[in-house]
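This is a predicted model, so every value here is computed, not measured. Only this structure's heavy atoms are used, side chains among them; waters, hydrogens and symmetry mates stay out. Chain A is the first sequence line, chain B the second, and so forth, proteins listed ahead of strands; every chain is numbered from 1.
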2 protein chains.
Amino acid sequence: MPAPAERPRRSCCPVACTLDLLGDRWTLLVVRDLFRGVDRYSAFARSPEGIATNILADRLDDLVANGIAERFVPTGQKRARYRLTDAGRELEPLLRAVADWGLKHISGTEAKLAPQPK
Amino acid sequence: MPAPAERPRRSCCPVACTLDLLGDRWTLLVVRDLFRGVDRYSAFARSPEGIATNILADRLDDLVANGIAERFVPTGQKRARYRLTDAGRELEPLLRAVADWGLKHISGTEAKLAPQPK
DNA sequence: TTATTTACTTGCAAATCGCAAGTGATAAGC
DNA sequence: GCTTATCACTTGCGATTTGCAAGTAAATAA
């Protein structure tokens, strides 16, 4: 039972609807990792924030269900990987705005966000 | 006991830290209303998403505690009002990015965000 | 002076979170 | 080829948070 998933829409406001998909403490961190090129389950789990594995599984499912990320298995391999969809990639300005605000207004924050190395 | 309040910081990532303050389903909607000039408790509660009053009280407290909004009582009046601080006003690009993404990628969303009519 | 509204608070059940501990498949080492 | 470690999850469960409904005291309106 995922958290930011298919709930009844609260209003037709684009802010409210986007928050229905991304509005929680973890989803955007997974998206941030996807932007950094993280693509394996265990790698997301190793991020410094220490997401619990059940939550990670939920969030990845949500992101896939909502068309922001996709799960795939590279040919010749067996283990799953994740990558951003086009819609997911278009979250970059949003993510950047979040990072910029944090850098400016929360002391002790450090930049590290880089565009996908590839 | 507010939700997105003074928790131990999860990491020094500006995205994570910003999410510690704004990462839930309601906080940014209250900020959106503040941008629209909504300033009274009852008016926030009347927004179409229908925030529960206990949650509204919590979120307003959080926003004030985190320096994003401030509570004030106009001279000659008795009832409280709320307004954005400078830091809060600088959330505009973030809010706009959230709205833009929703408008583009979630069907049925309608724009309405306008700069504070002042 | 009485009735409304406003700005909250309180109680409580249901949903979600976060931790710890599995589990079975895959890959690595010998 | 066999053993061991890693990976991608799932499960259980207590603690926290949510969301609904109802209540309250102060302020404003009638």
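With sequence neighbours excluded, no residue satisfies side-chain hydrogen bond (donor to acceptor under 3.5 Å, both in side chains) with R40(B).
The distance from atom CG of D39(B) to atom C1' of dA7(C) is 13 Å, rounded to the nearest whole Å. Whole-Å rounding puts the L56(B) CG to dT18(D) P distance at 13 Å. Rounded to whole Å, atom P of dA8(D) lies 12 Å from atom CZ of F72(A). Between the CG atom of D24(A) and the P atom of dC17(C) there is a distance of 7 Å, rounded to whole Å. Rounding to whole angstrom units, CG of residue D61(B) and C1' of dT17(D) are separated by 16 Å. As a whole-Å value, the separation of I55(B) CD1 from dT16(C) C1' is 12 Å. Distance N54(B) CG to dT18(D) P: 9 Å, rounded to the nearest Å. For the pair R40(B) CZ and dT4(C) C1', the computed distance is 13 Å after rounding to whole Å.
In this structure, a donor-acceptor pair under 3.5 Å is absent between the side chains of T85(A) and E70(A).
Across all strands, R81(A) comes closer than 4.0 Å to no nucleic acid atom at all (heavy-atom distances). R71(B) comes within contact range of the sugar-phosphate backbone alone, with a heavy-atom separation under 4.0 Å but no base atom that close. Y82(B) comes within 4.0 angstrom of the backbone, heavy atoms only, and of no base.
Side-chain proximity of S42(A) to dC7(D), dG18(C), dT18(D): nearest is dC7(D). Across dC9(D), dT18(D), dC20(D), the shortest atom-to-atom separation from the side chain of Y41(A) is found for dC9(D). Closest approach to the R46(B) side chain among dT18(D), dT6(C), dC19(C) is made by dT6(C) (side chain taken as heavy atoms from C-beta onward).
The phosphate of dG19(D) has OP1 or OP2 within less than 4.0 Å of a side-chain N or O from W26(B). Contact annotation: R25(B) does not reach the phosphate of dT17(D) (side-chain N/O to OP1 or OP2, under 4.0 Å).
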Under a 4.0 Å heavy-atom criterion, the protein footprint on nucleotides 22-30 of chain D, written with B, S and -, is B----BS--

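With values rounded to the nearest 0.5 angstrom, L34(A) atom CG is found 11.0 Å from R83(A) atom CZ. Separating the CD1 atom in I68(B) from the CG atom in D86(B) is a distance of 12.5 Å, to the nearest 0.5 Å.
Across all non-hydrogen atoms, the minimal contact from V15(B) to L95(A) is CG1-CD1, 4.1 Å.
Electrostatic pairing of D20(B) and R10(B) counts as a salt bridge here, judged by a charged N lying under 4.0 Å from a carboxylate O.
Each of R32(B), R59(B), R25(B) was compared with E49(B) under the salt bridge (Lys or Arg N to Asp or Glu O under 4.0 Å) criterion, and only R32(B) meets it.
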